[in-house]
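For reference, the structure discussed in these notes is given below.
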Amino acid sequence: MKIAVAGATGRVGRHIVEAIAERGHEAVAMSRASGVDVVTGKGLDEALSGVACIIDAASGPLTEQQAATEFFTASSRNLQAAGEKAGVRRIVAISIIGIDAFTAGYMAAKVVHERAMRAGRVPVRILRAAQFHEFVDQLMAWARQGDVIYLPKMQTQLVAARAVAEAVVDVATDTATISEIAGPQPEDLVDAAKRLAARRGDHARIEVVSNAADPDHALYESGGLMPGPTARLAGPTFDAWLATASLR
Ligand SMILES: NC(=O)c1ccc[n+]([C@@H]2O[C@H](COP(=O)([O-])OP(=O)(O)OC[C@H]3O[C@@H](n4cnc5c(N)ncnc54)[C@H](OP(=O)(O)O)[C@@H]3O)[C@@H](O)[C@H]2O)c1
């Protein structure tokens, strides 16, 4: 089966490309690095020739709601239109667990992403994932002010990007019907960040903040990101992943 991956160089996209090849399918890597732009549509028609399924693992700006919304609106429209033209049979898009309840920022843009994807004519399956193990480091980098890292209070069932990739390829190839993928156990973001800092030998002070200005702050704090009872739970745990992760 020929499967195109939008966002093929990203945190999860690179693992998806690997998982597709390991299962004996053919992956078409799509990102701006390989001349395919899902926002402008450049290179999409050529990349999708003979493709049976598109996996959408592309992501735009994370910090601004409007820019993220514009990204996902354009990428969904372009992937749907080019997919239909190429005779693609299914699109699998990656989203975030709990997303329906969120109203602001990148999370709100992902609600638009899901809706825009479903508005097209190519049948869509959405796989909602928990926050990736690999994402903790990025959150820490954003939240750093000198020697202090101010992280939001957040409960999340962190999952390895590799486990998300396996699940998304299962959905793409009809090997499993899953709507949510999360890690094996709940984690407190600040605790996870402290373990990551210790492993790296980073002596920054990590402080927890509750951002009352964010209309969704109570959701982050009270389990709004936690998986439901039918989610696939897949290892490794954050600690097992951390033990072998190559950190910058
Ligand atoms: N990170 C998490 O914890 C998490 C949790 C749950 C769900 N998700 C979802 O999983 C998906 C992937 O997230 P990620 O963290 O793996 O993303 P990421 O690491 O930021 O990677 C984004 C990918 O999109 C590509 N891209 C960006 N702009 C593009 C454009 N205009 N045209 C084509 N490709 C473009 C990038 O490659 P180029 O720069 O080369 O174009 C890159 O391959 C997103 O939908 C995200 O919402 C993420």
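Residue indices begin at 1 and follow the sequence shown. Each ligand, and each atom within it, is numbered from 1 in the order the structure gives. Remember, it's a predicted structure, so these values are computed and weren't measured experimentally.
Looking at ligand 1, you'll find an N or O of Ser59 within less than 3.5 Å of one of its N or O atoms. For ligand 1, the polar-atom distance check finds no N/O of His113 at less than 3.5 Å from any of the ligand's N/O atoms. Polar contact check, Ala57 against ligand 1: no nitrogen or oxygen pair lies under 3.5 Å apart. An N or O contact shorter than 3.5 Å links Gly10 to ligand 1 by distance. Polar contact with ligand 1: present for Asp37 (N/O pair, distance under 3.5 Å).
A tilted orientation is assigned to the rings of Trp241 and His133, their planes being inclined by 30° to 60°.
Between the Ser34 side chain and the Ser31 main chain, a donor and an acceptor come within less than 3.5 Å of each other.
Within the structure, the closest approach of Ser75 to ligand 1 does not fall below 4.0 Å when heavy atoms are considered. Using a 4.0 angstrom heavy-atom cutoff, Ala8 counts as in contact with ligand 1. Residue contacts with ligand 1: Gly60 is excluded, as none of its non-hydrogen atoms falls under 4.0 Å.
Contacts with ligand 1 closer than 4.0 Å are made by backbone heavy atoms (N, CA, C, O) of Ser95 only, the side chain lying farther away. Of all the heavy atoms of Phe135, the ones lying under 4.0 Å from any atom of ligand 1 belong exclusively to the side chain. Contacts between Val36 and ligand 1, counted as non-hydrogen atom pairs separated by less than 4.0 Å, involve the backbone only. Contacts with ligand 1 closer than 4.0 Å are made by backbone heavy atoms (N, CA, C, O) of Ala130 only, the side chain lying farther away.
In the displayed structure, Lys2 atom NZ is contacted under 6.0 Å by more than 12 heavy atoms of other residues, nucleotides or ligands. In the displayed structure, Arg199 atom CZ is contacted under 6.0 Å by more than 12 heavy atoms of other residues, nucleotides or ligands.
The protein heavy atom nearest to atom 45 (O) of ligand 1 is Lys110 NZ, 2.6 Å. Scanning all protein heavy atoms for the shortest distance to atom 1 (N) of ligand 1 gives Phe132 CD1, 3.4 Å. For atom 36 (C) of ligand 1, the nearest protein heavy atom (residue, atom name, distance) is Thr9 OG1, 3.8 Å.
Listed by atom number, the atoms of ligand 1 under 4.0 Å from Ile94 heavy atoms are 9 (C), 10 (O), 45 (O). Atoms of ligand 1 lying under 4.0 Å from any heavy atom of Tyr106, numbered from 1 in the order shown and given with element: 44 (C), 46 (C), 47 (O). The Gln131 neighbourhood of ligand 1 comprises atoms 3 (O), 5 (C), with distances under 4.0 Å to a heavy atom of that residue. In summary, the atoms of ligand 1 found under 4.0 Å from a heavy atom of Ser31, numbered by their order in the structure, are 33 (C), 34 (N), 37 (O), 38 (P), 40 (O), 41 (O).
Judged by distance alone, the side chains of Glu221 and Ser210 do bring a donor and an acceptor atom under 3.5 Å apart. Looking at Glu187 and Thr156, their side chains never bring a donor and an acceptor atom within 3.5 Å of each other. Between the side chains of Gln80 and Glu84, no donor-acceptor pair is found at a separation under 3.5 Å.
Nearest heavy atom pair, residue Pro236 against residue Pro184, reads O-CD, 3.8 Å.
Ionic pairing of Arg23 and Glu166 is present here: one or more N-O contacts between side-chain nitrogen and carboxylate oxygen are shorter than 4.0 angstrom. Using a 4.0 Å cut-off between charged side-chain N and carboxylate O, Glu18 and Arg14 make no salt bridge. Salt-bridge formation is not detected for the pair Lys194/Asp202: no Lys NZ or Arg NE/NH1/NH2 atom is positioned less than 4.0 Å from an Asp or Glu carboxylate oxygen.
Between the OG atom of Ser179 and the CZ atom of Arg232 there is a distance of 11.0 Å, given to the nearest 0.5 Å.
Which of Ala129, Pro61, Gly7, Ala58 comes nearest to atom 44 (C) of ligand 1 through a heavy atom is settled by distance: it is Ala58.
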